[in-house]
Visitor: 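My questions will all concern the structure given below.
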Amino acid sequence: MSQIKPLSWNDQSIPHKFWVEQQEDGCKIYLEVIKDVEPERLSLVVPDVDMETVLTAWQGHATNITPAFDDGILFTQTRALLNLPQGCLLWAVTHIKRIDDLKMSADKLFFVPLRTMDQ
């Protein structure tokens, strides 16, 4: 039986949902990005990490790794979500303003082994 724990944002105005699920070989991290159109659900398995490590590492916010690019139509930025002993969980943020003025998400989660945000 899997165990699921929500991770809450320090800023309560952030609508995105973030949670972790313990699995036999590690944790599965989920991020549901809420924009104007249908939410985008991202997930990634981080091997050899237990849920307690993820819960301890979560600081309630994402840390900007790159400067934001925003031309009014395209917004893109890389952010760190978790600094773990095994590596860093990064979030590639890409939001696109459609022709109907609604914003959509085209984000990605990725894990960089043996790296942390400050390296």
Side-chain angles (χ1 to χ4, degrees):
M1 174 146 187
S2 66
Q3 184 181 13
I4 298 172
K5 294 274 184 182
L7 300 166
S8 59
W9 300 92
N10 292 343
D11 180 349
Q12 297 303 311
S13 70
I14 296 174
H16 310 318
K17 294 177 174 67
F18 191 38
W19 68 98
V20 61
E21 177 182 15
Q22 184 66 58
Q23 298 189 331
E24 285 184 28
D25 58 345
C27 283
K28 190 167 189 177
I29 310 288
Y30 294 89
L31 177 63
E32 189 171 87
V33 180
I34 312 295
K35 295 309 286 176
D36 296 335
V37 296
E38 188 173 317
E40 179 185 22
R41 183 175 288 182
L42 310 169
S43 66
L44 179 72
V45 174
V46 181
D48 303 320
V49 174
D50 62 59
M51 184 180 289
E52 221 28 68
T53 301
V54 172
L55 295 174
T56 301
W58 175 238
Q59 297 182 17
H61 66 275
T63 302
N64 298 339
I65 299 296
T66 63
F69 170 83
D70 188 354
D71 67 2
I73 296 171
L74 175 69
F75 174 90
T76 185
Q77 185 173 46
T78 301
R79 300 173 182 165
L81 289 171
L82 295 168
N83 224 5
L84 301 166
Q86 297 85 344
C88 186
L89 180 68
L90 299 180
W91 173 20
V93 179
T94 303
H95 298 157
I96 304 161
K97 186 175 180 182
R98 302 183 332 178
I99 196 80
D100 59 5
D101 283 339
L102 297 177
K103 290 182 184 173
M104 61 175 278
S105 170
D107 296 1
K108 179 154 179 72
L109 290 179
F110 53 101
F111 183 72
V112 182
L114 306 174
R115 286 279 193 192
T116 58
M117 293 187 262
D118 52 358
Q119 292 182 311

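Quick caveat, the model's predicted, so the values are computed rather than measured.
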Visitor: Would you call the rings of Trp91 and Trp9 parallel, tilted or perpendicular, taking 30° and 60° as the class edges?
Guide: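 Taking Trp9 first and then Trp91, their aromatic rings sit tilted (interplane angle of 30° to 60°).
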Visitor: Nearest 0.5 Å, please: how far is CG in Leu89 from CZ in Phe111?
Guide: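 Rounded to the nearest 0.5 Å, the CZ-CG separation comes out at 7.5 Å.
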Visitor: Please step through side-chain contact (heavy atoms from CB on, under 4.5 Å) for the pair Val33 and His95, ending with a clear verdict.
Guide: CA-CA 10 Å; Val33 180; His95 298 157; 4.0 Å; yes
Visitor: Does any non-hydrogen side-chain atom of Phe69 lie less than 4.5 Å from one of Pro67?
Guide: no
Visitor: Main chain of Met51, side chain of Gln22: is a donor-acceptor contact present, judged purely on distance under 3.5 Å?
Guide: yes
Visitor: Return the CG to NZ distance between Leu90 and Lys108, rounded to the nearest 0.5 Å.
Guide: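 That separation rounds to 11.5 Å.
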Visitor: If only atom types and distance count, is the side chain of Asn64 paired as donor or acceptor with the main-chain N or O of Arg79 below 3.5 Å?
Guide: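 No, because the side chain of Asn64 does not come within donor-acceptor range (under 3.5 Å) of the backbone of Arg79.
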Visitor: What heavy-atom pair brings Phe110 and Ala92 nearest, and what distance separates the two atoms?
Guide: CE2-CB, 3.7 Å
Visitor: With clusters defined by side-chain heavy atoms of hydrophobic residues (ILVMFWY) lying less than 4.5 Å apart, directly or transitively, does Ile73 cluster with Val93?
Guide: no
Visitor: How long is the straight-line distance from CD1 of Ile96 back to NZ of Lys35, given to the nearest 0.5 Å?
Guide: 11.5 Å
Visitor: Any side-chain heavy-atom pair from Val46 and Gln86 closer than 4.5 angstrom?
Guide: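 Sidechains of Gln86 and Val46: no contact.
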Visitor: Hydrophobic clustering (ILVMFWY, side-chain heavy atoms < 4.5 Å, transitive) - are Leu81 and Phe75 grouped together?
Guide: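 Yes, Phe75 connects to Leu81 through the hydrophobic network.
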Visitor: Output the distance between atom CG (Leu109) and atom CZ (Phe18), rounded to the nearest 0.5 Å.
Guide: 7.0 Å
Visitor: Kindly indicate whether the side chain of Ile14, heavy atoms from C-beta on, has any atom under 4.5 Å from the side chain of His61.
Guide: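 Of all side-chain heavy-atom pairs linking His61 with Ile14, none is under 4.5 Å.
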Visitor: Give the minimum heavy-atom separation between Val54 and Cys27, together with the two atoms involved.
Guide: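 In terms of heavy atoms, the two residues are closest at CG2-SG, 4.2 Å.
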Visitor: Roughly how far, to the nearest 0.5 Å, is CD1 of Ile29 from CG of Leu82?
Guide: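 Spacing of CG (Leu82) from CD1 (Ile29) equals 5.5 Å.
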Visitor: Pick one: which of Lys17, Glu21, Arg41 meets side chain to side chain donor-acceptor pair (under 3.5 Å) with Tyr30?
Guide: Glu21
Visitor: Can you tell me how far CG of Leu42 sits from CG of Leu44, rounded to the nearest 0.5 angstrom?
Guide: 9.5 Å
Visitor: Can a donor-acceptor pair be found, under 3.5 Å and without considering hydrogens, that links the side chain of His16 to the backbone of Ile34?
Guide: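 The answer is yes, because a donor-acceptor pair under 3.5 Å joins these two groups.
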Visitor: Under a 3.5 Å distance rule, please check whether Gln77 uses its side chain to pair with a backbone N or O of Thr66 as donor and acceptor.
Guide: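 Present.
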Visitor: If you define the side chain from C-beta out and look only at heavy atoms, does anything of Arg98 sit under 4.5 Å from Val37?
Guide: yes
Visitor: Within the side chain of Gln23, is there an N or O that forms a donor-acceptor pair under 3.5 Å with the backbone of Val45?
Guide: no
